[in-house]
Amino acid sequence: MLRKEPWNGRAVHEAQEAAETLRARLGANQHEGHVQSSHLFDDDNAREMTPLAAVATVAVLGVPNPLVTTPEALAYAMHVGIEASDADTEVPLKQWREAALRGTESPLLSQLHPGTSEGAQLARSHEAGLCVPVARAFRVRERIAVLGDQPEDFALAEVLRQIRGAVTWIPWTEADLSDMWLFPGRASDRLLVTSASLSLEETQQRIDSRWDKRPVRPVDPGEDSPPFDVVKPEDIDLAHPAMVVLKNAWDQPRSLPATVEPDGSLQTSLSLAAEVPRGLDPDKHRWQVTLTAANHPVPPLAVLESSTVTAAGQNPWETFVRAADGGITYWSHRYDFVPSGASLAGSLSSPRLAWPGIKPILQIAASANGITIIPSPAGKRAAITERLLGSRTAMEAMAASPGWPLLHRFTTDSPNTDCPKGSWWKLKSGIVLSWEAVEAHDNSDWEPAARRDQIDQWTTQGVLRRGLILGCAHCPILEFYPLAEINQSYRCRRCGGDNQLTKSRWKPDATEPRWFYDLHPAVLELVMNNGDVPLLATQHLRQQHWARQALVCEEFELLRDGKRLVEMDFALATTEELWLGEAKSNDSLGNSPRERRIEAGKLMEGCALVGASGLILATAKTQWADTTIEALTQERRGRLSAGKAVPRICLLTGLGTAPQLTPLTNP
């Protein structure tokens, strides 16, 4: 690893094996899903992506090869890169250490890189490679320090540097003067400390020793508090990764004909034409292309293999395709049979791609664990309502509109005592309302003209059905008959008797019949079962910056061997992860501690079975009951001690009034 033996020597293989182990543990940067955007090594393999420094338009600087003989030198090289040079100037260890801790801000740059021409860029800098970093989050990320001098520590630091950015590898153990740059003294500048080779206790001891022996201390002892937290590598938040893209090739709109499948997937009907970004040479350089579809993200789940994001009939060996960065990424060049002297179109890949919908994503993820996903009864009702309204967004808008309380008047538990006489009827099939009852609905902010327009829209969509209350001359029954079934003569639904549409048949008694409205049965059940709570939950979540283009799925059940395991109220897929949700009108998961603990376990197990990284518990109450929080905390502790997967948990409260989304803190 430190040039003490060839680059293909045993140490390199150990580092690669350690990196593979870490990738599997962290669930990121897996071997079959390369996200390497820059190279520390000077490898020139045409099958790999081109190092950023290889396309630099200015002189680049790095640590000369002969000088990378110590962990301290390699720690600094992680910031600036390694250059092929014969320079052999001796550099004291303390300079390597200080430079490693200060990174590109080190004033030692001129001493460590003598004779560098003006305008030179660091070999690992984005600017040198005509690239820019794109952050997938708006909040400031904590700095990370990786302790330990083993190959797996180096690999961990390298992986985190690509995903998080501000990462320092500290392989030396003793504290010295350079540690002043590790603790800058700003209270808000927190540091996450981790290690791949050391235990939490060993990591804590090492960083505490550095803190106790630091050379610079504040004048006010009250400000002397450790600005760091020791965490396990797998506890570091890998969401919102940093991307590195070509300056002139990011966010370029493309129009690709596509078909929408019944399951919500997008299937491309035309492959992309060969295209070379400006500044690159297809005979020398290799890159990757990322395609994102508007309002249709693809979470980078490990189970979404190449076959799940390529269109039917696509050659699987043309190029390496994977789900990444919220879309689909593929390597620029073909690696199947390419004849010598092939044209540009023949050497560059142009795969036909497919963006799976949220339901296929869930099913693919669940099938890896032998789980089947089916829509629940509530999910079927929601799906019917979505077809009537046209989209999930329209359903969410209906749940948040002043019309939702009006829809409650169609339920049997609604008294409707404030309605004018004869404006509502309770029939065997349900409640029907006339326009007079709608007009009498108590909501001063909902103008009559707006109500009229809403009723007409719902009637057009099939949410409401306009018709008459008609009796039968042969049997004593009153029933609602939709407009489409009414003629001068009609047949009784109960006895089959033929009737004429005359004054004696309609209700209420009037010179001319009065129009009534009944609610579609699926929508009625949705209203009766508090279906607005999950709709309000997903509406609020999609207002968050990280979920503005999320895919949403209605209620579904997880089955194993045909037996029901758990029901989830919604699923939400973003550009970076998959969330499952449970929505309730109350503040509890059960009536007893045992019921609450079992329900909490089922919800967390459901997340684990489909690879969801988070669980959202939503309620219309202002807060979840303390007993619910206790059940979640106990179950999470139990799963952690048993080595089981534990999702991040967020609590969403106040739906319909003042929604608040807060994370459940670690136990």
Side-chain angles (χ1 to χ4, degrees), residues 1-19 36-46 48-129 146 148-159 161-162 167-174 176-178 181 284:
M1 185 174 63
L2 303 177
R3 288 288 189 178
K4 294 179 180 178
E5 48 187 310
W7 282 113
N8 61 349
R10 179 179 56 82
V12 175
H13 292 297
E14 290 178 356
Q16 291 173 342
E17 292 176 0
Q36 179 92 353
S37 57
S38 61
H39 290 265
L40 183 68
F41 312 111
D42 54 351
D43 181 31
D44 186 19
N45 186 345
E48 300 293 337
M49 286 185 290
T50 302
L52 295 180
V55 293
T57 57
V58 297
V60 295
L61 58 90
V63 179
N65 284 341
L67 299 186
V68 188
T69 57
T70 63
E72 289 82 358
L74 185 59
Y76 172 62
M78 288 190 65
H79 296 288
V80 299
I82 298 175
E83 66 177 23
S85 171
D86 296 331
D88 56 0
T89 305
E90 289 293 331
V91 178
L93 281 181
K94 64 178 182 179
Q95 289 191 7
W96 287 130
R97 293 180 179 183
E98 178 182 340
L101 292 177
R102 302 192 69 177
T104 57
E105 298 178 358
S106 175
L108 300 174
L109 283 175
S110 58
Q111 300 178 33
L112 297 174
H113 306 279
T116 302
S117 60
E118 184 178 354
Q121 297 282 358
L122 303 179
R124 302 199 87 184
S125 69
H126 305 126
E127 294 78 6
V146 179
D149 60 356
Q150 297 303 302
E152 57 265 33
D153 298 312
F154 172 84
L156 174 62
E158 181 68 354
V159 170
R161 189 196 65 81
Q162 295 180 49
V167 178
T168 300
W169 178 42
I170 309 176
W172 57 93
T173 58
E174 64 277 9
D176 59 20
L177 187 63
S178 63
W181 311 116
K284 297 180 180 179

Novice: So which heavy atom on Thr70 is nearest to which on Trp96, and how close?
Specialist: OG1-CD1, 4.3 Å
Novice: To the nearest 0.5 angstrom, please state how far the CD1 atom of Ile82 sits from the CG atom of Leu74.
Specialist: 6.0 Å
Novice: Return the minimal non-hydrogen interatomic distance between Ala123 and Gly81, and the atom names on each side.
Specialist: CB-CA, 4.3 Å
Novice: Please identify each residue that fulfils side-chain contact (heavy atoms from CB on, under 4.5 Å) with Ala100, with sequence neighbours left out.
Specialist: Ala75, Tyr76, Trp172
Novice: Listed by chain and number, what are the side-chain contact (heavy atoms from CB on, under 4.5 Å) partners of Ala157, not counting sequence neighbours?
Specialist: Met78, Val146, Val167, Trp169
Novice: Measure the shortest side-chain to side-chain distance between His79 and Thr168 over non-hydrogen atoms and say whether it is less than 4.5 angstrom.
Specialist: yes
Novice: Closest approach of Asp149 and Pro171, non-hydrogen atoms and distance?
Specialist: CB-O, 3.4 Å
